[in-house]
2 protein chains.
Amino acid sequence: MQITRAAEYGVLGLTALARRPLGEVVMIETLCAEEDIPNSFLGKILQSLSKAGIVKSARGSGGGFSLARNPSEVTALEIIEAIEGPISLQRCLDEDLGCEHSGGCALCSLFAEAQERVKEVFSRTTLADLTGRHIPNGLVRQARSRASDAHPATPHPTPLPVAGRIPLEAESTR
Amino acid sequence: MQITRAAEYGVLGLTALARRPLGEVVMIETLCAEEDIPNSFLGKILQSLSKAGIVKSARGSGGGFSLARNPSEVTALEIIEAIEGPISLQRCLDEDLGCEHSGGCALCSLFAEAQERVKEVFSRTTLADLTGRHIPNGLVRQARSRASDAHPATPHPTPLPVAGRIPLEAESTR
DNA sequence: CTTTTCCGGACCAATTTCGTCCGGTTCAAT
DNA sequence: ATTGAACCGGACGAAATTGGTCCGGAAAAG
């Protein structure tokens, strides 16, 4: 009854992408560093997202991934289903298999309703929403180590950006 | 993102129990036959339900399981959590583990909402509701074979009980 | 004391999850 | 043209989970 890590990482990776200007091309490695995701795994996940048209890939040097659409037009449901396939809380609800019970099935009716609710939440939440709420672990750590480089004596009060936008490398360093 | 068979079988087994007068003691084997559940597996599942106080067990000859409470006072959520442990759509939401992200986490907020919806559906649905909706495969098959025993020439129009109560062995045979 | 039935732990096979790895392809820059 | 950077995609594999089975034991009834 849990989402897979793949879907989890997919969402996180996309928020990292969405934090940037639309269309900016970013390497897998950079995204992984920001969100604490195993490197080669995110590669696989982004392939699925690319096939689903959520992300565009560019090969060769200077290549990487970029968002294919505006973050406010990508729903969590799309992301998750692109990675895991259609959501189905129970066997009965598998679209092509169907329920093996003859007349009525206690499980079908119960899980169908729950599944609808879940899909409703997921389809109402956009990547923009998610990005707004999210503070990536990786970026926070990076900021912290940069800060302690600057004032090596300061032990605790390293001030972290806590709300709103998080400064990217380009702006925050020097 | 799917419920386990254990939980599935647990719900089905309980509907079989709930179809009978409250307190009636039924053997595992009978329940399995009615709902098409592997025999020894349901044993395991019923142990959990017994520990959770949903079902009472009686050992020895004439023993078996009986519902501990009125079907309308047992929720689907109780049943499922008795078998699978607390529902958690995502790691962040594991009660004791918690979320490893520092400030805000896109995943927490998303899945917390979805999870609440699911739990709401499950806790609003009672065993009585489920039993009312359900027509067990096993019983239908049993009825069919009994009927074709009686009229071996009748190929198709074997009339099956389709809605409402389903006659149990005791009443339907002879 | 024998039979019946659940208890509960050990065990096992299959599947899924969570990745890694590597050769191939594409693209840019030299 | 060559080189290096980066994704593509399939194969591979270890670990965890799922979906059960099995068996010796305990308890209850006759």
Side-chain angles (χ1 to χ4, degrees), chain A residues 1-13 17 24-33 35-68 80 82-85 87-91 94 97, chain B residues 1-13 17 24-33 35-68 80 82-85 87-91 94 97:
Chain A
M1 198 63 171
Q2 284 212 161
I3 211 91
T4 62
R5 305 244 169 154
E8 190 181 317
Y9 293 155
V11 170
L12 291 180
L17 218 40
E24 184 171 331
V25 175
V26 190
M27 288 191 309
I28 291 180
E29 209 183 326
T30 310
L31 299 173
C32 285
E35 294 292 345
D36 265 339
I37 302 175
N39 203 299
S40 38
F41 197 18
L42 186 60
K44 275 305 169 57
I45 298 164
L46 285 171
Q47 283 180 26
S48 310
L49 293 173
S50 172
K51 276 177 196 159
I54 295 175
V55 117
K56 277 186 296 199
S57 73
R59 290 166 145 193
S61 99
F65 290 88
S66 58
L67 228 44
I80 292 169
I83 296 169
E84 297 200 338
I87 284 183
S88 141
L89 291 195
Q90 206 252 346
R91 294 187 290 162
D94 267 355
L97 265 76
Chain B
M1 198 63 172
Q2 286 212 161
I3 212 89
T4 61
R5 305 243 170 158
E8 190 180 316
Y9 293 155
V11 170
L12 292 180
L17 220 38
E24 183 172 330
V25 175
V26 190
M27 288 191 310
I28 292 180
E29 209 183 328
T30 311
L31 297 173
C32 285
E35 293 292 347
D36 264 341
I37 301 176
N39 202 299
S40 39
F41 197 17
L42 186 60
K44 275 304 169 53
I45 298 165
L46 285 171
Q47 283 182 28
S48 310
L49 293 173
S50 172
K51 277 178 196 158
I54 295 174
V55 117
K56 278 186 295 200
S57 72
R59 290 164 145 193
S61 96
F65 290 89
S66 58
L67 228 43
I80 292 170
I83 295 168
E84 297 201 338
I87 283 185
S88 141
L89 290 194
Q90 207 252 346
R91 292 187 291 162
D94 266 353
L97 265 76

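We name chains A, B, ... by the order of the sequence lines, and we start the count at 1 in each one.
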Sequence-distant partners of A:R5, salt bridge (charged side-chain N to carboxylate O under 4.0 Å, His left out), two or more places apart: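 A:R5: no salt bridge (charged side-chain N to carboxylate O under 4.0 Å, His left out) contacts found.
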
Run the salt bridge (charged side-chain N to carboxylate O under 4.0 Å, His left out) test against B:D36 and tell me which residues pass, sequence neighbours left out.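 Expected list: B:R141.
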
B:S57 side chain N/O closer than 4.0 Å to the phosphate oxygens (OP1, OP2) of C:dT5?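 For B:S57, the contact criterion (side-chain N or O under 4.0 Å from OP1 or OP2 of C:dT5) is not met.
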
Excluding sequence neighbours, so at least two apart, what forms ring pair (Phe, Tyr, Trp, His ring centres under 6.0 Å) with B:F65?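 Listed in chain order: nothing, the list is empty.
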
Please list, chain by chain and in numerical order, all residues satisfying side chain to side chain donor-acceptor pair (under 3.5 Å) with A:Q2, sequence neighbours excluded.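 A:Q2 satisfies side chain to side chain donor-acceptor pair (under 3.5 Å) with B:S88 once adjacent residues are dropped.
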
Not counting sequence neighbours, which residues clear side chain to side chain donor-acceptor pair (under 3.5 Å) with A:Q47? List them please.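 Applying side chain to side chain donor-acceptor pair (under 3.5 Å) to A:Q47 gives none.
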
Among all residues two or more places apart in sequence or in another chain, which pass the side chain to side chain contact (heavy atoms under 4.5 Å, CB included) test with [X]?
X	value
B:K56	B:S66, B:A68
A:A6	A:T4, A:F41, A:I45, A:I83
B:A52	B:I54, B:A82

Filtered N/O pairs between nucleotides 11-17 of chain C and protein, under 3.5 Å:
none

Whether each nucleotide of nucleotides 25-30 of chain C has a protein heavy atom under 4.0 Å at its base (B), only at its sugar-phosphate (S) or at neither (-) is summarised, 5' to 3', as BBBS--

Please list, in numerical order, the residues of residues 37-44 of chain A that have a heavy atom closer than 4.0 Å to any atom of DNA chain C.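 Residues of residues 37-44 of chain A that come under 4.0 Å of DNA chain C are, in numerical order, A:P38, A:S40, A:F41, A:K44.
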
